[in-house]
Q: 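A single structure is presented below for examination.
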Amino acid sequence: MRRLTPVLREDGVDLDLISLIRTILAACKEISFRVSQGALAGVLGSTLDENIQGETQKQLDVVSNELFKDITLESGFCRAIMSEEEEFSVPGNPEGEYLVAFDPLDGSSNIDINSLIGTIFSIMKAPVGAAPDDQDMFLQPGTQQVCAGYVLYGPSTMLCMTTGKGVRMFTLDKTHGGFLLTEDKVSIPPATKEFAINMSNQRFWETPMQRYIDDLIKGEEGKREKRFNMRWIAAMVGDVHRLLCRGGIFMYPTDTKNQKQPFKLRLLYEANPMSFLVEQAGGVSSTGYERIMSMTPNNIHQRVAVVMGSKDEVETCLDYHK
Ligand code: F6P
């Protein structure tokens with residue numbers, strides 16, 4: 001039975017929120033298991049369908065979406081949920097107090113090569129009195145998130161999460177099935193010598209980004225007077241995990257590769273939750289021109305440019321955009 005008045009834990013966190021997070025983690029544990037089984041679970045390869053974004057759906061995208069959707073809706077804590085794989089939001093319990101936006105399987109191109117992938121989630125409060133089928137409930141700025149995180153399916157399965165009081169990392173102990181705290185107070189070093197961007201798009205970027213990256217590549221011989229290294233996992237969840245572990249700058253800027261789609265990453269279930277984590281760990285997250293978490297979304301699948309990571313380095317990049 002759902003409670004009408006929120007019951008708070010000593011530290012002020014709503015017990016329903018804790019239960020919702022546990023529900024999300026139950027879904028992620030199941031996804032982690034399927035991922036680890038790979039071809040044995042028959043989850044590799046593509047489906048014959050495209051998702052709403054026009055991208056070919058992988059079997060694992062579909063399986064993860066169904067698992068996440070069913071478990072979160074069944075919990076009764078969600079007024080509605082929305083997913084990268086669903087064209088519209090899905091109504092839940094009219095008494096549910098929360099909204100969950102998620103990317104069930106980020107980094108789909110890595111699935112079939114047994115490389116890093118993950119699930120990203122963002123939780124917001126449902127507006128008082130809003131109907132479960134009112135999709136506009138999700139159009140809240142990222143500053144309204146009450147919890148955000150991702151589960152990374154790598155050599156170990158890790159959860160990285162914030163409820164607005166810092167960032168913690170947990171490792172899934174597969175012997176008893178619990179996520180154990182392995183890193184308290186995650187903090188991104190302000191300076192870095194590492195950048196992450198898809199260099200094959202270079203000729204399509206705006207001038208400020210071209211100039212910034214040129215200066216990084218010139219290393220000691222350029223105005224930055226230091227050598228930079230580059231990394232690109234091609235799964236935001238993996239690239240942002242590296243930032244949170246050892247600093248760096250991650251960018252997916254505006255480009256003119258496809259005139260109809262100048263941005264790649266999605267605001268509600270990629271950029272916002274990752275920005276919440278990065279800011280909570282002392283980093284900065286921007287589109288190049290404005291703080292991502294301050295943007296009011298205009299549609300649930302809106303895309304944005306992203307520049308996030310180590311404070312000093314992101315601020316240097318933003319100076320090129322002024
Ligand atoms: O969801 C989009 C995504 O897979 C991100 O996780 C990743 O950062 C990016 O696309 C990779 O893009 P590209 O294929 O252009 O390298």
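Note that ligands are numbered from 1 as they come in the structure, with each ligand's atoms numbered from 1 the same way.
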Q: Is there a polar contact, in the sense of an N or O pair closer than 3.5 Å, between Tyr252 and ligand 1?
A: yes
Q: Between Lys264 and ligand 1, does any nitrogen or oxygen pair lie at a separation below 3.5 Å?
A: yes
Q: Will you find, in the side chains of Gln210 and Tyr320, an N or O donor that is under 3.5 Å from an N or O acceptor?
A: no
Q: Considering all heavy atoms of both residues, which atom of Ser310 and which atom of Ile188 are nearest to each other, and what is their separation?
A: OG-CG2, 3.6 Å
Q: State the atoms of ligand 1, each with its element, that fall below the 4.0 Å cut-off from a heavy-atom position in Glu270.
A: 1 (O), 2 (C)
Q: Has ligand 1 got any nitrogen or oxygen that is less than 3.5 angstrom from a nitrogen or oxygen of Arg266?
A: yes
Q: Are Met161 and Met274 connected in the hydrophobic side-chain network, where two residues link if heavy atoms are under 4.5 Å apart?
A: no
Q: At their closest point, which heavy atom of Ala271 faces which heavy atom of Ile292, and how far apart are they?
A: CB-CG2, 4.0 Å
Q: Which atoms of ligand 1 sit under 4.0 Å from any heavy atom of Trp232?
A: 11 (C), 16 (O)
Q: Output yes when the distance from some N or O of ligand 1 to some N or O of Glu84 is under 3.5 Å, and no in every other case.
A: no
Q: Is Met236 in polar range of ligand 1, meaning some N or O pair under 3.5 Å apart?
A: yes
Q: Return yes if a side-chain donor-acceptor contact under 3.5 Å exists between Tyr150 and His241, otherwise no.
A: yes
Q: Going by the atom numbers of ligand 1, which of them fall below 4.0 Å from some non-hydrogen atom of Asp106?
A: 1 (O), 5 (C), 6 (O)
Q: Ignoring angles and geometry beyond distance, decide whether Asn201 reaches within less than 3.5 Å of ligand 1 through its nitrogen or oxygen atoms.
A: no
Q: With heavy-atom distances below 4.0 Å as the criterion, list the atoms of ligand 1 near Leu265.
A: 2 (C), 5 (C)
Q: If you measure from the Lys or Arg side-chain nitrogens to the Asp or Glu carboxylate oxygens, is any gap between Asp239 and Arg242 under 4.0 Å?
A: yes
Q: Is the shortest side-chain N to carboxylate O distance from Glu270 to Lys264 below 4.0 Å?
A: no
Q: Of the side chain and backbone of Val237, name the one, both, or neither that has a heavy atom under 4.0 Å from an atom of ligand 1.
A: neither
Q: Please list all pairs meeting side chain to side chain donor-acceptor pair (under 3.5 Å) that have one or both residues in residues 138-149, counting only residues at least two apart or in different chains.
A: Ser122-Gln145
Q: Does Ala234 reach ligand 1, in the sense of a heavy atom lying below 4.0 Å from it?
A: yes
